[in-house]
There are 2 protein chains.
Amino acid sequence: MLATEKIAYDSNLPVDPRVEALVTELIGRVADKWTLLVLEELEDHGVLRFTELARGVAGISQKMLTQTLRAMERDGLVERTVHPVVPPKVEYRLTPLGHSLGEAFCGVWHWAGENLDRVEAARRTFDERG
Amino acid sequence: MLATEKIAYDSNLPVDPRVEALVTELIGRVADKWTLLVLEELEDHGVLRFTELARGVAGISQKMLTQTLRAMERDGLVERTVHPVVPPKVEYRLTPLGHSLGEAFCGVWHWAGENLDRVEAARRTFDERG
DNA sequence: GGTGCCTACTTTCTTTTGGAGAGTATAAGG
DNA sequence: CCTTATACTCTCCAAAAGAAAGTAGGCACC
């Protein structure tokens, strides 16, 4: 694991630029506020219905929730299960791939919690120097 | 370090909702495509000038680069050094806080590289069922 | 002394995206 | 017949992002 990281990050092996472009595109897709928040919500609660997600992810509109979930489903991050009943019931859960992304983002959540004070201090300094 | 992670992620300690809101806001700020790409570019190359960054971060407009760098500076992630010469020379480098965020995102880059194929396969499957 | 270059931005204009809120389908229950 | 419940979908408007041109100001060239 540490060895893998070393190989991936410390070496200057020439990387195929096509691969790099694809990785960049994927990062762009996945490094999105709502994707991250939905991922976290599903990590925490396991299986959730549409309205439960809407409640859990503060501030998201229905349109964005639908859009985010569709994109995540397409990327193989979430699994969508429709129960053909009335009123409709649709369940969302992370796939193993989604879980692995959640774990990858773990460090970022940790960072945010740990460094919140530092960022706020930096902002105050920046703002009063105007 | 592992113990810290355990405390942060596996326990169900009641978290102050105000803190959670702040963390969510910070995540929203920082989990941005361009921020991530600029961070990576600065991690890789150390000190860079404006135009070097513009070339390195494929597809970014000057406006977004300026905006992203200003926001990152405000958050204490990058340090901006102006050399009062003609033509202008401005250097950008990561602060220790910026480096720590870069390390936190390391896992995501790793994930993207490792799982690119899986995501592409998922997309093909999703699209042809479309 | 006019012309143009250099860099790091601004400014303006257009296109894309995001949010708010109403509408839709369906069946059970009163 | 009217309400309720759910998961969207649609429409309209505001906000954000992208493209391209403009700015400052000292320097070199002709």
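Letters A, B, ... are given to chains in the order of the sequence lines, protein chains preceding strands, and every chain is numbered from 1. A quick note: this is a predicted structure, and the numbers were derived from the prediction, not measured.
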Student: Name all residues meeting the side chain to side chain donor-acceptor pair (under 3.5 Å) criterion together with Glu43(A); count only those two or more places apart in sequence or in a different chain, and write none if there are none.
Tutor: His99(A)
Student: Please enumerate all residues that pass salt bridge (charged side-chain N to carboxylate O under 4.0 Å, His left out) together with Glu120(A), with sequence neighbours excluded.
Tutor: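 In terms of salt bridge (charged side-chain N to carboxylate O under 4.0 Å, His left out), with neighbours along the sequence ignored, Glu120(A) is linked to no residue.
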Student: Using side-chain heavy atoms (C-beta onward) and a distance below 4.5 Å, is Val30(B) in contact with Leu77(B)?
Tutor: yes
Student: Check whether any side-chain heavy atom of Phe126(A) lies under 4.5 Å from a side-chain heavy atom of Glu73(B), and answer yes or no.
Tutor: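 Yes. Closest side-chain heavy atoms under 4.5 Å.
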Student: Are His45(A) and Glu52(A) linked by a side-chain donor-acceptor pair shorter than 3.5 Å?
Tutor: no
Student: Return the residues of residues 70-85 of chain A meeting this criterion: a heavy atom under 4.0 Å from some atom of DNA chain C. Order them by number, or give none.
Tutor: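 Output list: empty, so none.
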Student: With sequence neighbours left out, write down each residue that passes salt bridge (charged side-chain N to carboxylate O under 4.0 Å, His left out) with Arg49(A), or none if nothing qualifies.
Tutor: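 Counting only residues at least two positions away or on another chain, Arg49(A) forms no salt bridge (charged side-chain N to carboxylate O under 4.0 Å, His left out).
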Student: Name all residues meeting the side chain to side chain donor-acceptor pair (under 3.5 Å) criterion together with Arg29(B); count only those two or more places apart in sequence or in a different chain, and write none if there are none.
Tutor: Thr35(B), Asp75(B)
Student: Taking the axis from the first five pairs and the axis from the last five, what angle separates them in the helix from dG1(C)-dC30(D) to dG30(C)-dC1(D), rounded to 10 degrees?
Tutor: 30°
Student: Just to verify, what does Glu25(B) make a salt bridge (charged side-chain N to carboxylate O under 4.0 Å, His left out) with, not counting sequence neighbours?
Tutor: Arg123(A)
Student: What's touching nucleotides 18-25 of chain D from the protein side, N or O pairs under 3.5 Å?
Tutor:
{"from": "dG18(D)", "atom 1": "OP2", "to": "Trp34(B)", "atom 2": "NE1", "distance (Å)": "3.4"}
{"from": "dG18(D)", "atom 1": "N7", "to": "Lys63(B)", "atom 2": "NZ", "distance (Å)": "3.1"}
{"from": "dG18(D)", "atom 1": "O6", "to": "Lys63(B)", "atom 2": "NZ", "distance (Å)": "2.8"}

Student: Donor-acceptor pairs under 3.5 angstrom involving side-chain atoms of residues 54-70 of chain A: please list them, not counting sequence neighbours.
Tutor:
{"from": "Ser61(A)", "atom 1": "OG", "to": "Met64(A)", "atom 2": "N", "distance (Å)": "3.2"}
{"from": "Thr66(A)", "atom 1": "OG1", "to": "Gln62(A)", "atom 2": "O", "distance (Å)": "2.9"}
{"from": "Thr68(A)", "atom 1": "OG1", "to": "Met64(A)", "atom 2": "O", "distance (Å)": "2.6"}

Student: Mind checking salt bridge (charged side-chain N to carboxylate O under 4.0 Å, His left out) for Asp16(A) and listing every partner two or more places apart, or none if nothing turns up?
Tutor: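 If we apply the salt bridge (charged side-chain N to carboxylate O under 4.0 Å, His left out) test to Asp16(A), skipping adjacent residues, the hits are Arg18(A).
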Student: Atom CZ of Phe50(A) and atom C1' of dT6(D): how far apart are they, to the nearest Å?
Tutor: 9 Å
Student: Need two values: the first and the last nucleotide of DNA chain C, 5' to 3', having an atom under 4.0 Å from any heavy-atom of chain A.
Tutor: dG18(C) to dA27(C)
Student: Could you list the residues that satisfy side chain to side chain donor-acceptor pair (under 3.5 Å) with Asp117(B), not counting sequence neighbours?
Tutor: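 Here no residue qualifies.
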Student: Tell me whether the rings of Phe50(B) and Tyr92(B) are parallel (<30°), tilted (30 to 60°) or perpendicular (>60°).
Tutor: tilted
